[in-house]
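Reminder, nothing fancy here: chain letters follow the sequence lines and each chain counts from 1.
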2 protein chains.
Amino acid sequence: MALTAKGLATRQRIIEGTSAHLRSDVPGTVTLDDIRAITGTSKGQLFHYFPGGKEELLLAVARFEADRVISDQQPHLGALTSWAAWTRWRNAIVARYRAQGPSCPLGTLMDQVGATPGAAEVAAALLARWQGMIRAGIAAMQAEDLVDPALDADRAAAAFIAGIQGGVQILRSTGESTHLEAVVDLLIEHLRATRDGAGGR
Amino acid sequence: MALTAKGLATRQRIIEGTSAHLRSDVPGTVTLDDIRAITGTSKGQLFHYFPGGKEELLLAVARFEADRVISDQQPHLGALTSWAAWTRWRNAIVARYRAQGPSCPLGTLMDQVGATPGAAEVAAALLARWQGMIRAGIAAMQAEDLVDPALDADRAAAAFIAGIQGGVQILRSTGESTHLEAVVDLLIEHLRATRDGAGGR
DNA sequence: GATTTTCTGGACTTGAGGGTCCAAAAAATG
DNA sequence: CATTTTTTGGACCCTCAAGTCCAGAAAATC
């Protein structure tokens with residue numbers, strides 16, 4: 001099956017259309033008919049481009065969304081080299097997830113494809129990439145002696161990932177961003193405290 | 001509709017049976033037929049005791065599970081009055097969720113009833129209760145001057161909740177408890193650091 | 001421009017699963 | 001013990017949604 005330019009465009013339209021639908025209002029669950037309606041396609045097309053059916057389609061959308069998660073935090077996430085940068089990053093995250101509200105495209109997808117090995121792999125890849133970037137930021141701070149070099153950067157990065165993940169989950173179900181803010185702020189404070197001494201706020 | 005003792009027992013059997021099923025192996029999704037099979041009941045009974053159908057039934061199970069979440073952390077969670085107690089609590093959480101592995105009864109339920117207002121209320125109630133107990137623990141430590149009294153106990157408790165939530169979620173999909181351990185450990189370290197000075201590990 | 005490949009539309013099948021209904025058995029009631 | 005209420009079983013219905021199939025339109029290929 002070789003795809004022509006037209007075919008590729010259609011395939012992309014399906015992915016992006018589904019993504020857009022997840023982004024806006026009451027998804028909860030997505031059906032192939034929803035996707036058909038939004039993207040102006042037929043069942044035949046859906047299975048033509050995604051022979052594996054719904055699962056393969058949703059997984060493709062999940063990969064697309066995963067990239068967005070990272071890129072939405074840029075350029076901040078890629079340059080955590082000063083406390084000011086950390087603050088900007090923190091604000092970007094809070095703003096992004098507040099704006100997103102209870103929808104959370106990736107979350108919805110994961111709920112639906114959750115069990116499959118493919119989904120786990122997508123999630124693991126995203127988390128690993130994300131954690132790696134935070135770790136790089138911490139390492140950069142350590143190189144400039146702004147964070148205690150004895151701190152385990154990878155472990156701290158893992159803590160950030162867990163905290164953000166949980167904070168977003170709570171934001172998703174309550175609509176409140178206080179938990180997300182609290183955990184990120186405290187973890188950043190902790191990074192500072194290792195260097196400045198107690199109560200370094 | 002007044003329930004006799006027999007009726008009440010059946011109702012309870014349905015809830016606990018469903019709960020047990022969620023706890024053990026590959027749930028992902030639960031159907032009324034699953035529940036029928038496990039609890040040895042008929043459709044008629046299911047709707048007799050839960051006129052609201054599947055949603056009402058699952059919500060009842062969710063409430064049952066929510067109680068378990070708290071009680072599984074006892075007696076540690078109720079008496080966070082020394083660093084040793086905090087460590088025991090931390091170990092209890094890690095052990096509990098590691099043992100549970102990727103199943104997570106409450107998570108499965110929330111995925112399925114997620115959208116409804118009732119589910120949000122159950123989740124919010126659990127989180128509030130949980131956070132309150134952690135806050136009480138922090139306050140106790142502050143009273144004994146083991147934690148900086150200037151620290152916002154409620155905010156710190158919120159951070160713990162978010163961190164645990166995220167750590168469990170990651171454990172659920174990767175099978176690794178490193179994130180959960182990292183975030184809880186770092187937050188506890190942070191509590192200590194506010195009092196002991198920098199690097200108080 | 002004939003032929004082969006790719007793309008598109010939509011009717012149809014299939015199955016799962018939630019919910020309804022009613023009648024029989026069992027308890028409670030008095 | 002007659003009657004009323006509760007409990008139980010299971011056949012049936014209905015909807016929704018994934019997936020199949022095939023024929024016709026549009027591109028590509030030579």
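- Residue contacts shown for A/G44 include a base, since a base heavy atom lies under 4.0 Å away.
- In terms of phosphate contacts, A/T41 brings no side-chain nitrogen or oxygen within less than 4.0 Å of OP1 or OP2 of C/dT8.
- Once rounded to the nearest 0.5 Å, the distance linking CG of B/L80 with CZ of B/R135 reads 13.0 Å.
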Worked verdict on A/S42 versus A/Q45 for side-chain hydrogen bond (donor to acceptor under 3.5 Å, both in side chains)
CA-CA 5 Å; A/S42 65; A/Q45 286 167 289; 3.2 Å; yes
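- Among the nucleotides D/dG19, D/dG9, D/dT7, the one closest to any side-chain atom of B/S42 is D/dG9.
- When each of C/dC7, D/dT8, D/dT6 is scored by its nearest atom to the side-chain atoms of B/A2, the top-ranked nucleotide is D/dT6.
- Between A/W83 and A/W86, the two ring planes are tilted [angle within 30° to 60°].
- The phosphate of C/dT8 has OP1 or OP2 within less than 4.0 Å of a side-chain N or O from A/Q45.
- The side chain of B/L32 lies closest to C/dG19 when the candidates are C/dT8, C/dG19, C/dA27.
- The side chain of A/Y49 contributes no N or O atom lying less than 4.0 Å from OP1 or OP2 of C/dT6.
- For A/L3, the listed nucleotide lying nearest its side chain is C/dC7; candidates were C/dC7, D/dG19, C/dT20.
- Here B/G7 lies in heavy-atom contact (under 4.0 Å) with sugar-phosphate atoms only.
- OP1 and OP2 of C/dA16 both lie 4.0 Å or more from every side-chain N or O belonging to B/T31.
- At the heavy-atom level, B/K43 lies under 4.0 Å from base atoms of the strands shown.
- Taking for each of B/T4 and B/R36 the nucleotide of DNA chain D with the nearest heavy atom, the 5'-most of the two is the partner of B/T4.
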